[in-house]
Amino acid sequence: MALPAGMSPPVPGRAVRVVVPASSANLGPGFDSLGLALGVFDTYHAAVTAEPGLRIEVAGDSQGVPLDERHLVYATMRRAWSELGVPAPEGVRLHCASTVRQGRGMGSSAAAIVAGVAAAHGLCFGAESGPSRPEAQQRPVEPGAVPIHLDLVNDLASRLEGHPDNASASVYGGATISWIGDEPAPPATSVTSVTSATPGDASPAESAGAPAVSVHSVRIPLHPDVTPLVIVPQVQLPTATARAVLPAQVPHGEAALNSARAGLLVLALSSRPDLLLPATREWLHQEQRRSSFGGAMELVDELRAAGHAAVISGAGPSVLVLSADDSALASVANLVPHDWQLLTPGIPEMGVCVERVTLGELPGEGALPA
Ligand SMILES: Nc1ncnc2c1ncn2[C@@H]1O[C@H](COP(=O)(O)OP(=O)(O)O)[C@@H](O)[C@H]1O
Ligand SMILES: N[C@@H](CCOP(=O)(O)O)C(=O)O
């Protein structure tokens with residue numbers, strides 16, 4: 001791929017700060033297509049250093065992830081540079097402050113991949129790239145914001161993750177619907193063995209000179225009352241494990257039932273939240289994974305019987321309730337099992353943000369960013 005306008009190979013001295021939200025995918029019937037950004041964030045600092053070598057620091061618990069070339073964010077950065085046709089810099093420093101809990105169905109791997117692509121692209125913009133171009137960032141930009149091209153980030157991150165629902169919500173914020181374009185798609189290769197439009201704008205933004213993308217996502221305008229409640233268990237379920245139990249085919253009649261609810265859900269999210277309960281029923285993945293979820297499907301059943309629009313969040317095992325009523329929180333809280341955690345994260349309006357920083361602004365080893 002030719003480097004898009006304004007981008008140049010990363011050189012020592014460039015550094016960026018990347019903030020990316022978590023996400024809840026599927027929302028019931030929108031399997032692999034609907035996503036909702038959650039107000040829980042990972043923050044990364046990435047820099048190109050004159051000193052060769054890779055240095056990865058993790059604030060807090062590294063949660064068992066490898067702190068070398070296999071690290072999901074760094075492996076993604078290398079893949080993104082390769083796709084852009086620029087050599088990976090010899091010296092890289094990466095600082096990770098992650099709060100998105102892993103393996104819970106809150107899109108931690110997608111957030112890490114989005115951050116990696118955004119950091120790699122962000123490091124291809126120097127101060128000499130001039131002022132930010134809002135048409136590339138597709139949103140109002142603050143001074144210091146790096147004008148990464150969100151559609152390119154979304155396309156590569158979605159292909160690397162293997163499904164676009166989480167990645168698109170982490171890229172654009174809000175609620176998103178994604179589809180695979182009819183043009184020939186580049187291969188969807190996973191980066192590592194570690195893990196297997198503008199708001200309200202209904203058209204994919206296409207900036208002048210931007211290469212074609214194969215994954216397309218648009219924002220769904222959200223009714224202001226729609227609020228996510230996320231109920232998180234102690235146990236993890238790797239997404240790859242949950243995907244492995246899905247059948248290769250579904251009966252035509254069930255696909256038809258599901259497509260009606262998926263269409264209804266877009267309407268319910270945007271203007272008819274009173275329809276969220278019927279609109280979140282689905283036929284493609286939750287029952288098929290019931291035995292993998294621990295007790296999560298039983299909690300979904302209980303919440304739905306009490307009138308709440310409850311679904312499995314992503315590939316589980318967390319449970320998402322889409323509420324449009326202030327009284328729902330207390331009622332849901334009463335049903336939360338002992339040792340599960342109830343979160344009220346809100347829905348961030350913005351997705352991934354990349355900001356230029358100086359090397360001196362990088363957090364010190366082991367320290368949290370200011
Ligand atoms: N911030 C991160 N840094 C490095 N690796 C990560 C990070 N977040 C997630 N991962 C990797 O992704 C895995 C979880 O991905 P996955 O099974 O898809 O669950 P989730 O539903 O949280 O996305 C983790 O076990 C880890 O290997
Ligand atoms: N559509 C995917 C969503 C996976 O989400 P995650 O947050 O569990 O990674 C699926 O259902 O497999």
Side-chain angles (χ1 to χ4, degrees), residues 18-38 40-46 56-77 94-116 118-119 157-158 160-170 176-180 190-196 228 230 232-233 235-247 258 262 282 284-289 292-293 296 311-320 352:
V18 178
V19 180
V20 61
S23 61
S24 181
N26 300 330
L27 315 183
F31 180 74
D32 276 3
S33 57
L34 290 179
L36 185 70
L38 301 174
V40 179
F41 299 90
D42 283 350
T43 302
Y44 297 92
H45 287 76
I56 300 178
E57 299 146 6
V58 175
D61 182 5
S62 70
Q63 303 188 79
V65 295
L67 301 183
D68 55 26
E69 287 77 8
R70 294 168 298 163
H71 189 278
L72 186 54
V73 177
Y74 178 69
T76 303
M77 290 170 70
L94 177 66
H95 183 279
C96 316
S98 175
T99 63
V100 182
R101 293 174 69 188
Q102 298 179 10
R104 301 308 203 291
M106 296 173 67
S108 75
S109 56
I113 289 170
V114 167
S158 297
L160 294 176
E161 174 74 351
H163 46 92
D165 40 1
N166 294 105
S168 58
S170 286
T176 50
I177 183 161
S178 303
W179 71 100
I180 311 300
S190 180
V191 263
T192 72
S193 58
V194 178
T195 68
S196 65
V230 186
V232 188
V235 292
Q236 299 190 18
L237 174 61
T239 303
T241 307
R243 290 181 84 81
V245 305
L246 293 176
N258 196 85
E282 69 80 36
L284 300 184
H285 59 101
Q286 296 182 145
E287 278 308 328
Q288 292 87 338
R289 291 167 162 171
S292 308
F293 289 142
V311 293
I312 297 291
S313 181
S318 294
V319 170
L320 170 75
V352 66

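FYI, the numbering just counts along the sequence from 1. Indexing begins at 1, ligand by ligand and atom by atom, following the structure's order. Source: prediction; values computed, not measured.
In the vicinity of Asp165, heavy-atom distances shorter than 4.0 Å reach the ligand 2 atoms 1 (N), 2 (C), 3 (C). Less than 4.0 angstrom separates some heavy atom of Asn166 from each of these atoms of ligand 2: 3 (C), 4 (C), 5 (O), 6 (P), 7 (O), 9 (O). Near Ser109, the atoms of ligand 1 lying under 4.0 angstrom from a non-hydrogen atom of the residue are 9 (C), 12 (O), 15 (O), 16 (P), 18 (O), 23 (O). Taking a cut-off of under 4.0 Å to the non-hydrogen atoms of Gly107, the atoms of ligand 2 that pass are 7 (O). The atoms of ligand 2 that sit less than 4.0 Å from any heavy atom of Arg243 are 1 (N), 2 (C), 10 (C), 12 (O). Each of the following atoms of ligand 2 lies closer than 4.0 Å to a heavy atom of Ala25: 3 (C). For ligand 1, the atoms lying closer than 4.0 Å to a non-hydrogen atom of Arg104 are 22 (O).
At least one donor-acceptor pair closer than 3.5 Å links the side chain of Asn26 to the backbone N or O of Gly314. Using a distance-only test at 3.5 Å, with no hydrogens or angles considered, no donor-acceptor pair links the side chain of His163 to the main chain of Phe31. In terms of modelled atom types and a separation under 3.5 Å, the side chain of Asp68 and the main chain of Arg70 share a donor-acceptor contact. Here the side chain of Thr99 pairs a donor or acceptor atom with the backbone of Phe41 at under 3.5 angstrom. Looking at Arg104, its side chain does come within 3.5 Å of a backbone N or O of Pro233 through a donor-acceptor pair.
Scanning all protein heavy atoms for the shortest distance to atom 8 (O) of ligand 2 gives Ala315 N, 2.9 Å. Ranking the protein heavy atoms by distance from atom 9 (O) of ligand 2 puts Thr239 OG1, 2.9 Å first.
Of the candidates Asn166, Asp42, Thr239, Ile56, the one placing a heavy atom closest to atom 16 (P) of ligand 1 is Thr239. When the options Leu72, Val58, Thr99 are ranked by their closest heavy atom to atom 10 (N) of ligand 1, first place goes to Leu72. The closest non-hydrogen atom to atom 25 (O) of ligand 1, taken over Gln102, Met106, His71, comes from Gln102.
At least one heavy atom of Arg289 sits closer than 4.0 Å to an atom of ligand 2. At least one heavy atom of Tyr44 lies less than 4.0 angstrom from ligand 1. Residue Gly103 places a heavy atom under 4.0 Å from ligand 1. Note on ligand 1: Cys96 sits outside its first shell, no heavy atom being nearer than 4.0 Å. The shortest heavy-atom distance from Gly105 to ligand 1 is under 4.0 Å. Using a 4.0 angstrom heavy-atom cutoff, Ala242 does not count as in contact with ligand 2. Under a 4.0 angstrom heavy-atom cut-off, His285 registers as lying outside contact with ligand 2.
Only the side chain of Ser98 comes within 4.0 Å of ligand 1, counting heavy atoms alone; its backbone N, CA, C and O stay farther away.
Side-chain contact annotation: Ser178 with Ser168, donor-acceptor N/O pair under 3.5 Å present. Ser33 and Asp165 share no donor-acceptor pair across their side chains, judged by distance under 3.5 Å alone. A donor-acceptor contact closer than 3.5 angstrom is absent between the side chains of Ser318 and Ser313.
Across Arg243 and Gly162, no two heavy atoms sit closer than the pair NH2-O, 4.5 Å. Nearest approach of Leu237 to Ala315, heavy atoms of both residues: CD2-O, 3.3 Å.
Checked by distance only, ligand 2 and Ser313 stay at 3.5 Å or farther apart across all their nitrogen or oxygen atoms. For the pair Leu237 and ligand 1, the shortest N or O to N or O distance does not fall below 3.5 Å. Looking at Asn26 next to ligand 2, an N or O pair under 3.5 Å apart turns up. When only interatomic distances are considered, the shortest N/O to N/O separation between Glu161 and ligand 1 does not fall below 3.5 Å.
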When you look at Leu94 and Glu57, which way does the side-chain contact (heavy atoms from CB on, under 4.5 Å) test go after all the steps?
-> CA-CA 6 Å; Leu94 177 66; Glu57 299 146 6; over 6 Å; no
Ile56 and Tyr74: CA distance, side-chain angles, deciding distance, side-chain contact (heavy atoms from CB on, under 4.5 Å) verdict | CA-CA 9 Å; Ile56 300 178; Tyr74 178 69; 4.1 Å; yes
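Leu67 is listed as a side-chain neighbour of Val58, based on a closest heavy-atom distance under 4.5 Å. Side-chain contact between Gln288 and Val245 is absent, with no heavy atoms from C-beta onward closer than 4.5 Å.
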